[in-house]
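The structure under discussion appears below in the form of C-alpha cells.
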Amino acid sequence: MAKCVVVAMSGGVDSSVTAYLIKEMGYDVIGVTMEILKSSCQIEKLDTCCSLQSFVDARDVAKRLGIRHHIIDCKAEFEQMVVSYFVKEYLAGRTPNPCIICNSRIKFDILLAKAKELGADYLATGHYARLEKQNNRYIIKKGIDTTRDQSYFLYKLSQEQLSQAMMPLGDYQKQEVRKIAVRLGLKVANKPESQEICFIPQGDYRNFIQQRIKDAFKPGEILDKNGNILGRHSGIAFFTIGQRRGLGIAAGRPLYVISIDLNRNAVIVGDESDLYRNSLIAGELNWVAMERFESEMEVVAKIRYLHPETKAIIHPVNNDKVEVVFKQPVRAVTPGQSVVFYKDEVLLGGGVIE
C-alpha cells in the first residue's frame, strides 16, 4: 500500500505542481488548504494564499489531479502563534518575519499534526529548497533556482519535522514549474505571486495593527544620534530600520531610521552611513546541519531574505546566543529579523537578531 502524503495547497502554481509531482512519485496524495483568518471582511480584501479565490483554485487543481482535498481550520492557532507575535514585535520596536514562524509553528507543527490525523506519513510543501539525509541527520540545501531559493525561511525546523517533510520543487527552476502547470492544463499556471505578507490587506500592516489594538500607537520623539529632538512620531510601530520616507522631518539632507528606542519610545535617525554595522548578536538559535555550535566558524550570512549574502565569522556567546562579525559592514541590521548561516549550499542554522 502506497504511503500517504498531505500537500499544503495554497491555490498557487508552486503547491499545485508539488501535488502533481508527489502523485507521480507513486504516493497517495491528499491536498489540504489552511483556513487561517477569522474575519471574512479581511479575507475579501486579500489577493493572496489566504483569499477566498485560493480555496477555489486549490479545490479545482485537486479535482484536475484526481486527489482528495480538505480545508483545514487553523484559525485559532494562526491568530495565537503568528498574528499575535507579528503585532507584539512591531509594538516592541522590532520588525518580525511571520513567514518563518508560520513554517515552524503552523505548517510543520499544527498542519503536520492534522495531516497525521488524515493518515498521512509526510507533509509536502511548495518551497524551493532541497532536503537530504547525511550522516543520520536531515539537512536543508538551497534550491537550484537561486532566484527562488527559500531555505532562509526554514531554519527553525527541527530534525523531527524535517524527517516528515517533502519539498520536490528544490530541484526545479520556476520556469520549469510553470511549464508543467501549462502542460497539465492547470488554470493557475500563470497566476501571479503575491509580494506582500499573506494576511495583511493591501500590505498595510499599520492599519492591521491599529484595528486589533486601538491604542497601539503612542506618540513620541524623533531624535538624532546625539539626542537632539528633530520632530515627533505617532508610534514606533510605524518605523523600521533603514526607513527614509514618512519621517516628516525637513533636515536639508536625507535621514534614515538607524534605531528604535523602546524605553524612550523614540525613533533615532541619522545619515545613511550610520546604518552600517560590523557585527550583531542573535538569539533563539536553531541549528539544522549540526547538533550544536561550539566554536568559531566562517560562514556566509543573510540578515534578511532579499539581502545579499555576506562572509562572516560566528562566535558562540553564553551557549544560547551567537555573535556575527562581518567581513564587510552590512546595511540596516534589523532587530526581529533573522540571520541565517550557510556553508556553500547547506543551511547551517540561524537565529533572531537582537
Side-chain angles (χ1 to χ4, degrees), residues 86-100 146-147 152-153 193-197 200-211 213 216-282 300-312 323-340 350-354:
F86 179 83
V87 172
K88 288 177 182 176
E89 285 288 276
Y90 267 113
L91 295 182
R94 292 156 62 91
T95 303
N97 192 315
C99 296
I100 291 173
T146 56
T147 66
Y152 174 90
F153 296 109
E193 300 174 64
S194 171
Q195 302 300 316
E196 305 292 345
I197 297 171
I200 305 293
Q202 287 84 49
D204 188 355
Y205 78 87
R206 299 171 179 91
N207 183 56
F208 179 84
I209 294 173
Q210 216 158 18
Q211 286 182 343
I213 304 178
F217 302 123
K218 179 183 175 183
E221 296 172 338
I222 299 177
L223 310 173
D224 66 17
K225 58 186 178 181
N226 297 316
N228 300 309
I229 300 174
L230 302 183
R232 300 275 298 173
H233 66 78
S234 54
I236 59 174
F238 282 105
F239 301 90
T240 188
I241 305 300
Q243 181 176 333
R244 175 183 172 185
R245 300 186 181 214
L247 301 182
I249 300 173
R253 71 184 194 280
L255 290 176
Y256 300 80
V257 176
I258 60 174
S259 66
I260 295 173
D261 190 327
L262 179 62
N263 292 330
R264 290 190 289 174
N265 189 38
V267 174
I268 316 300
V269 299
D271 299 321
E272 184 176 16
S273 60
D274 296 319
L275 285 171
Y276 286 85
R277 298 284 184 270
N278 294 309
S279 63
L280 63 82
I281 298 292
V300 171
K302 289 186 73 169
I303 62 168
R304 282 184 300 281
Y305 174 53
L306 295 177
H307 195 276
E309 294 181 346
T310 306
K311 291 182 179 180
E323 180 186 24
V324 185
V325 181
F326 300 102
K327 296 292 183 71
Q328 298 289 335
V330 295
R331 187 182 188 277
V333 173
T334 305
Q337 289 286 293
S338 288
V339 57
V340 172
V352 179
I353 298 170
E354 296 185 356

If we only count heavy atoms from C-beta on, is the [X] to [Y] side-chain gap below 4.5 Å?
| X | Y | result |
| --- | --- | --- |
| I209 | F217 | yes |
| I213 | V87 | yes |
| I236 | F238 | no |
| I222 | I229 | no |
| E323 | L280 | no |
| I197 | F86 | yes |

Show which side-chain atoms of residues 243-252 pair as donor or acceptor with protein atoms under 3.5 Å away, not counting sequence neighbours.
residue, atom, partner, partner atom, Å
Q243, OE1, T240, N, 3.1
Q243, NE2, R245, O, 2.9

In chain order, what residues pass the salt bridge (Lys or Arg N to Asp or Glu O under 4.0 Å) check against [X], with sequence neighbours excluded?
| X | answer |
| --- | --- |
| R94 | E89 |
| K225 | D274 |
| E354 | K321 |
| R232 | none |

Okay, side chain of [X], backbone of [Y]: is any donor-acceptor separation there less than 3.5 Å?
| X | Y | answer |
| --- | --- | --- |
| Q337 | P96 | yes |
| Y205 | Y90 | no |
| D261 | I268 | no |
| R331 | R277 | no |

So which atom in [X] and which in [Y] form the shortest heavy-atom distance, rounded to 0.1 Å?
| X | Y | answer |
| --- | --- | --- |
| S259 | I241 | CA-CD1, 3.5 Å |
| I258 | D271 | CG2-O, 4.2 Å |
| N278 | P329 | OD1-CG, 3.3 Å |
| A301 | A312 | CB-CB, 4.4 Å |

(request) Using the six-membered ring wherever Trp is involved, compare the ring planes of H233 and F239 and label them parallel, tilted or perpendicular (cut-offs 30° and 60°). (result) perpendicular

(message) Does the plane of the ring in Y305 sit parallel, tilted or perpendicular to the ring in F153? Use 30° and 60° as the thresholds.
(response) tilted

(message) Is it the case that atom NZ in K311 sees more than 12 heavy atoms from other parts of the structure closer than 6.0 Å?
(response) no

(message) Restricting to side chain to side chain donor-acceptor pair (under 3.5 Å), what partner residues turn up for N228, sequence neighbours left out?
(response) D224

(message) Here's a test for you: under side chain to side chain contact (heavy atoms under 4.5 Å, CB included), which of T334, V330, V340 qualifies with I303?
(response) V330

(message) Walk me through whether Y152 and I100 qualify under side chain to side chain contact (heavy atoms under 4.5 Å, CB included).
(response) CA-CA 8 Å; Y152 174 90; I100 291 173; 3.8 Å; yes

(message) Would I353 and V333 count as a side chain to side chain contact (heavy atoms under 4.5 Å, CB included) here? Give the steps.
(response) CA-CA 8 Å; I353 298 170; V333 173; 3.7 Å; yes

(message) So, taking the atom named OG in S338 and the one named CG in N97, what distance separates them when rounded to the nearest 0.5 Å?
(response) 6.0 Å

(request) Could you grab the distance from atom NZ of K302 to atom NE2 of H307, nearest 0.5 Å is fine? (result) 10.0 Å

